[in-house]
Amino acid sequence: MNENPPSGCPMHAAAADKEWHGAQMDFSNAMSYGDYLGLNQILQAQHPLSPNHNEMLFIIQHQTSELWMKLMLHEMRAVRTHLRADDLPPAFKMLARVARIMDQLVHAWDVLATMTPPEYTAIRPYLGASSGFQSYQYREIEFILGNKNGALLNVHATTPEFPLLQEALNTPSIYDEAIRLLARNGLPISAERLNADPSLPTVADESVQNAWLEVYRDPTRYWALYELAEKLVDMETAFRFWRFRHVTTVERIIGFKTGTGGTAGVSYLRKMLDVVLFPELFALRTAL
C-alpha cells in the first residue's frame, strides 16, 4: 500500500498551500499588509454617483492626488521647521522629495487625460458644485509656499479645516524662513521684508535679490545657501509643471466651460500660471 498521497490529492494540495517559500500565511493574530495600510477603508472610499464607467477614474485620480498632497504637506512643514533651526541637510532632502512628488502628480494628469469630453459630460451633472478649487490641502500648499490670499479662506469657512488654514495663512512661509536664514548668515535684508505680514503674498524685495546675488556670485563661500536656493527653484519649477499640466488637461476635456465650483475654468487656471512663488530667485538669473 502506498502511504504517500498522490501529488494530485486535494489534502496534499491543501497542506502545500499552507506554506509558500517561508511566507507567513496566517494573520488571525498578527497585523497584515492590509491592516497596516488601512486598505479596507481606502479601497471602499470610492462611491460613484453616476452610472458611467469612467467616474471611477475621476474619483481615484483626485483621491490619489490628495494622498500625495498630504505627503507634500508633511514634508514641507518639516522643511520649514528645519530652516528655522538652521538644520539644512534634512531640509534639502525633503525639498527634493517634494519636487519628485510634484513630478508624480504631473504624470497623473496623463491618466485623467484619457477621459474624453463626452465621458466627462456624462458624469459632470453628478458632481454638483464640488471642485478641486475647494481642496483645503492644495490651499495649504499654496499658503506654505507663500501664495497667500486671505479671501480664499471663505471657501472653507464652514469646514472643520478652517482653523488649520487660518493658521497656515498667518504662519511664515518656507520662503519667509529662507529669507530669515539669509539674514542670520550676515546678508543684509531690509527690516521691512523681515517684518512683513506673513498673511500677505510674497512681494519681490531688492534687498533679498541682492542677498541671493551675493550667494550666487560666491557659491563656495555660501554653499549651503546656494544649494537651498537651487532646491527651492527645483521645487517651484516642478510646481509650475504641475499647474501647466492641470490647465492643459482641463482644456482638453472641458474646453473653456465654467468650472463646477464656479470659477472661470481654464481662464482662471491660466492666470495662476503667472504666479511666481520665489520671485528674486528667478529674477537674479537675468541680473547675473
Side-chain angles (χ1 to χ4, degrees), residues 62 65-66 68-77 79-80 83-84 95 98-99 101-102 105-106 129-180 190 192-206 208-209 232-233 235-251 256 258-283:
H62 289 84
S65 294
E66 290 289 337
W68 282 120
M69 284 191 277
K70 182 173 183 175
L71 179 56
M72 286 169 61
L73 286 167
H74 175 71
E75 300 293 338
M76 289 195 288
R77 293 187 196 113
V79 166
R80 187 168 54 191
L83 292 182
R84 287 173 183 158
L95 285 168
V98 170
I101 294 169
M102 289 179 180
L105 287 165
V106 168
S130 64
S131 165
F133 181 74
Q134 298 146 18
S135 168
Y136 74 87
Q137 290 199 122
Y138 183 79
R139 191 77 58 231
E140 186 180 354
I141 287 170
E142 291 216 311
F143 285 176
I144 201 170
L145 290 176
N147 188 22
K148 307 285 187 77
N149 185 340
L152 294 178
L153 283 178
N154 294 331
V155 179
H156 311 278
T158 59
T159 68
E161 294 79 28
F162 180 77
L164 180 149
L165 289 175
Q166 197 167 38
E167 181 182 359
L169 179 72
N170 294 307
T171 300
S173 69
I174 284 175
Y175 195 52
D176 289 335
E177 296 298 345
I179 290 168
R180 293 177 180 183
S190 69
E192 182 182 11
R193 179 61 182 90
L194 288 174
N195 298 316
D197 184 345
S199 70
L200 298 178
T202 301
V203 176
D205 180 274
E206 186 177 0
V208 173
Q209 181 165 330
L232 290 171
V233 169
M235 183 170 64
E236 176 160 359
T237 301
F239 191 58
R240 289 183 183 188
F241 285 143
W242 181 22
R243 277 179 160 169
F244 177 75
R245 196 68 179 92
H246 184 188
V247 174
T248 55
T249 303
V250 171
E251 184 175 358
F256 285 83
T258 300
T260 50
T263 70
V266 168
S267 299
Y268 166 77
L269 294 173
R270 282 185 174 177
K271 289 178 182 177
M272 295 303 100
L273 293 177
D274 293 331
V275 174
V276 180
L277 299 171
F278 315 133
E280 296 89 353
L281 287 175
F282 284 88

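Computed over heavy atoms, backbone and side chain alike; hydrogens, waters and symmetry mates excluded.
Residues Phe278 and Ser173 are not in side-chain contact: their nearest non-hydrogen atoms beyond the backbone lie 4.5 Å or more apart. Between Thr237 and Phe241 there is a side-chain heavy-atom pair separated by less than 4.5 Å. Between Leu145 and Tyr175, the closest side-chain pair of non-hydrogen atoms is not below 4.5 Å. Annotation: side chain of Ser65 is in contact with side chain of Leu105 (closest heavy-atom distance under 4.5 Å). Looking only at side-chain heavy atoms (C-beta outward), Pro172 and Glu177 come within less than 4.5 Å of each other. With a 4.5 Å cut-off on side-chain heavy atoms, Met235 and Met76 count as touching. A heavy-atom distance below 4.5 Å is not found between the side chains of Thr202 and Asn147. The side-chain heavy atoms of Glu66 and Tyr138, taken from C-beta on, include no pair separated by under 4.5 Å.
Evaluation of the salt bridge (charged side-chain N to carboxylate O under 4.0 Å, His left out) rule for Glu75 yields Arg97 as partners, not counting sequence neighbours.
Annotation for Gln137 and Leu73: closest pair O-CD1, 3.8 Å, computed over non-hydrogen atoms. The nearest pair of heavy atoms linking Arg243 to Val275 is NH1-CB, 3.6 Å. Taking every heavy atom of both residues into account, His156 and Leu152 meet most closely at CD2-O, 3.4 Å.
Other residues, nucleotides and ligands place more than 12 heavy atoms under 6.0 Å from the CZ atom of Phe162. Around the NE2 atom of His62, the shell of radius 6.0 Å holds more than 12 heavy atoms that belong to other residues, nucleotides or ligands. For CD of Glu161, the number of neighbouring non-hydrogen atoms (other residues, nucleotides, ligands) closer than 6.0 Å is greater than 12.
Within the model, atoms CG of Leu164 and OH of Tyr136 stand 7.5 Å from one another, a figure rounded to the nearest 0.5 Å. Taking CG of Leu281 as the reference point, atom CG of Leu232 lies at 6.0 Å (rounded to 0.5 Å). Remark: Leu83 CG to Ile179 CD1 distance equals 11.5 Å, nearest 0.5 Å. One distance of note links CD of Gln166 with CZ of Phe143; it measures 10.0 Å at 0.5 Å rounding. Distance CE/Met72 to CH2/Trp242: 4.5 Å, rounded to 0.5 Å. Interatomic distance, OG of Ser135 versus CD of Glu140, reported as 10.0 Å (0.5 Å rounding).
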Go through Met102 and Arg245 one step at a time and tell me if the side-chain contact (heavy atoms from CB on, under 4.5 Å) criterion holds. CA-CA 11 Å; Met102 289 179 180; Arg245 196 68 179 92; over 6 Å; no
List the steps, then state whether side-chain contact (heavy atoms from CB on, under 4.5 Å) holds for Arg193 with Asp176. CA-CA 9 Å; Arg193 179 61 182 90; Asp176 289 335; 2.9 Å; yes
Would Ile174 and Arg80 count as a side-chain contact (heavy atoms from CB on, under 4.5 Å) here? Give the steps. CA-CA 5 Å; Ile174 284 175; Arg80 187 168 54 191; 4.2 Å; yes
Candidate pair Phe239 and Glu142, rule side-chain contact (heavy atoms from CB on, under 4.5 Å), full reasoning: CA-CA 10 Å; Phe239 191 58; Glu142 291 216 311; 4.1 Å; yes
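Test Asn170, Val155, Leu153 against Leu165 for side chain to side chain contact (heavy atoms under 4.5 Å, CB included) and you get one pass: Leu153.
A donor-acceptor contact shorter than 3.5 Å links the side chain of Glu236 to the backbone of Leu277. At least one donor-acceptor pair under 3.5 Å links the side chain of Arg139 to the backbone N or O of Phe133. Judged by distance alone, with hydrogens and angles left aside, the side-chain atoms of Ser131 form no donor-acceptor pair with the main-chain N or O of Gln134 at under 3.5 Å.
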